[in-house]
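One structure is given below, encoded as structure tokens.
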Amino acid sequence: MHYYSLTNPSEKTNFATAVVNGIAPDRGLYFPESIPKLPEDFVASIEELDIQEMATIAMLPYVEGDIPRDELERIIRNTLDFDFPVVPISDHIGSLELFHGPTLAFKDVGARFMAQSLGYFNAQKSSQNVTVLVATSGDTGGAVANGFLGVEGIDVVILYPKGKVSKVQELQLTTLGQNITALEIDGVFDDCQDMVKTAFLDKEITSKRKLTSANSINVARWLPQMLYYFIAYRALASRKQPIVFSVPSGNFGNICAGMMAQQMGLPIDHFIACTNVNDAVPTYLETGKYNAVNTTPTISNAMDVGDPSNFVRIQKIYGNQFDKLSAHLSGYRFTDEATRAAMKEIHNNSGYIADPHGAVGYLGLKEYLNDHPGKYGVFLETAHPVKFLDTVEETLATKVALPSRIQTLFNKEQKSIPITNYSDLKAYLLA
Ligand SMILES: *Cc1c(COP(=O)(O)O)cnc(C)c1O
């Protein structure tokens, strides 16, 4: 498969180079040259495939030429070695729990797939060391750090906004050591993301260090997320009902991967993008005009993104046509107050504890299903509630037990380097 830059279609490369570069030399996001179609009998016989086989069929065309099939199978085995259950919340709503991985958020899948792919490319070439430079609004950092911990030839540098990630998230970023360094940025997530983007274009840095990104702009982080939709569809196929997915969205990588699955032929009925008050995309869907917003901090902090990177990919999928896009996608925004009310409602009705991100997804799903009855709705529960312990316990007036792998983090020493501006970051990377 070849990938081209969305800002210059003649800028083409293979999967391996797209992964190592992260972003195209002209700053465009990479996009596959064609969207592969699923084999003809795939959907009809989906329940007979095991998850690993299904995932290999879905992913192979995207890596073909750079990762052989047996290597892809190994990567997928190591990536998908935990459960992705659809837990019923009511008779027409299920929660797709994506938090059973090592850092308790959905980003584990993309981060592990990318780390394994990059590890494979490095082993092939015994090439120069690569520095993974990544901005996090909370969960990316932990997943990337965990996925890359101890991977030969790779250093990971994580930028996170000071005071704007939860305690558990901060511990996951700052306690690993080895090849992982955490930088605490005096700013918001978009500042972290801007600094990362600037560093990629800084010749003084890139002439000394090979940089790549592990945000969902990286195709190896972004594309494997489509597997959630395959897994959920497979689990629900026997219902024989139209299936809609409601995705709590920040950088819009997860939902965009779902749209790729739909384009490949997975029969997804509709997508619902749910945001907190950082609502550039819901506003676009109402007005047809896209404007970045200034980031506002919320209790669903992994979605505090004012200018979602993957929106350009979503537009590309639908041929940059507003009508086509809005036929497949509905958008809703919710305040923190509404989010807390939803957490209580879910808990009161079913005993289920949703994290703030999942609750935002639930709210949008409920609104959509009110207007479109007869469909089965899945909201993506993107993080374990303990990742947002204070908010969850305070909102529900209940205690949430800490899994032991989180408990042990509290005894570890935290290390991070304070950064106030881009020149601090540059000095660090050049040192
Ligand atoms: C990253 C994240 C999101 C947003 O995902 P995008 O792919 O950036 O849209 C939502 N919820 C949680 C818990 C996350 O960590």
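What you are looking at is a predicted structure, and each value in this text was computed from that prediction instead of being measured. Just so you know, ligand 1 is whichever comes first in the structure, and atom 1 is the first atom listed for that ligand.
Contacts between Lys387 and ligand 1 below 4.0 angstrom, taking non-hydrogen atoms only, are absent altogether. Contact annotation: for Gln225 versus ligand 1, there are no heavy atoms closer than 4.0 Å.
Residue Ala302 has no nitrogen or oxygen atom sitting less than 3.5 Å from a nitrogen or oxygen atom of ligand 1, judged on distance alone. The shortest N/O to N/O separation between Thr382 and ligand 1 falls below 3.5 Å. Of the polar atoms of Lys107, at least one N or O is found under 3.5 Å from an N or O of ligand 1, judged by distance alone. The shortest N/O to N/O separation between Gly253 and ligand 1 falls below 3.5 Å. By the 3.5 Å distance cut-off applied to N or O atoms, Asn251 is counted among the residues near ligand 1.
Using a 4.0 angstrom heavy-atom cutoff, Phe106 counts as in contact with ligand 1. For Ser216, the heavy-atom gap to ligand 1 stays at 4.0 angstrom or more.
For Tyr3 and Tyr62, the distance between ring centers is not under 6.0 angstrom. Ring-centre distance between His100 and Phe82: not below the 6.0 Å cut-off. For His270 and Phe245, the ring centers sit 6.0 Å or farther from each other.
The single protein non-hydrogen atom nearest to atom 4 (C) of ligand 1 is Gly250 N, 3.5 Å, given as residue, atom name and distance.
Atoms of ligand 1 found under 4.0 Å from any heavy atom of Met303, numbered from 1 in the order shown, are 10 (C). The distance from ligand 1 to the heavy atoms of Ser249 drops below 4.0 Å at these ligand atoms: 9 (O). Atom numbering of ligand 1 starts at 1 in the shown order; those under 4.0 Å from a heavy atom of Asn254 are 7 (O). Interface of Asp139 with ligand 1, defined as ligand atoms under 4.0 Å from a residue heavy atom, comprises 12 (C), 13 (C), 14 (C), 15 (O). Every atom of ligand 1 is numbered from 1 in the order shown, and the set under 4.0 Å from a heavy atom of Pro248 is 4 (C), 10 (C).
Side-chain contact check for Tyr318 versus Met259: some heavy-atom pair is nearer than 4.5 Å.
A salt bridge links Lys426 with Asp202: at least one charged nitrogen is closer than 4.0 Å to a carboxylate oxygen.
Donor-acceptor pairing under 3.5 Å is lacking for the side chains of Gln225 and Lys107.
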Mind running side chain to side chain contact (heavy atoms under 4.5 Å, CB included) on Ile317 and Phe31 for me, showing each step along the way? CA-CA 9 Å; Ile317 290 174; Phe31 196 83; 3.8 Å; yes
Run the side chain to side chain contact (heavy atoms under 4.5 Å, CB included) check on Thr206 and Phe200 step by step: do they pass? CA-CA 7 Å; Thr206 55; Phe200 277 110; 5.6 Å; no
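The line from OG1 of Thr335 to CZ of Arg340 is 10.0 Å long, rounded to the nearest 0.5 Å.
Using a 30° and 60° split on the angle between ring planes, His372 and Tyr368 fall in the parallel class, below 30°.
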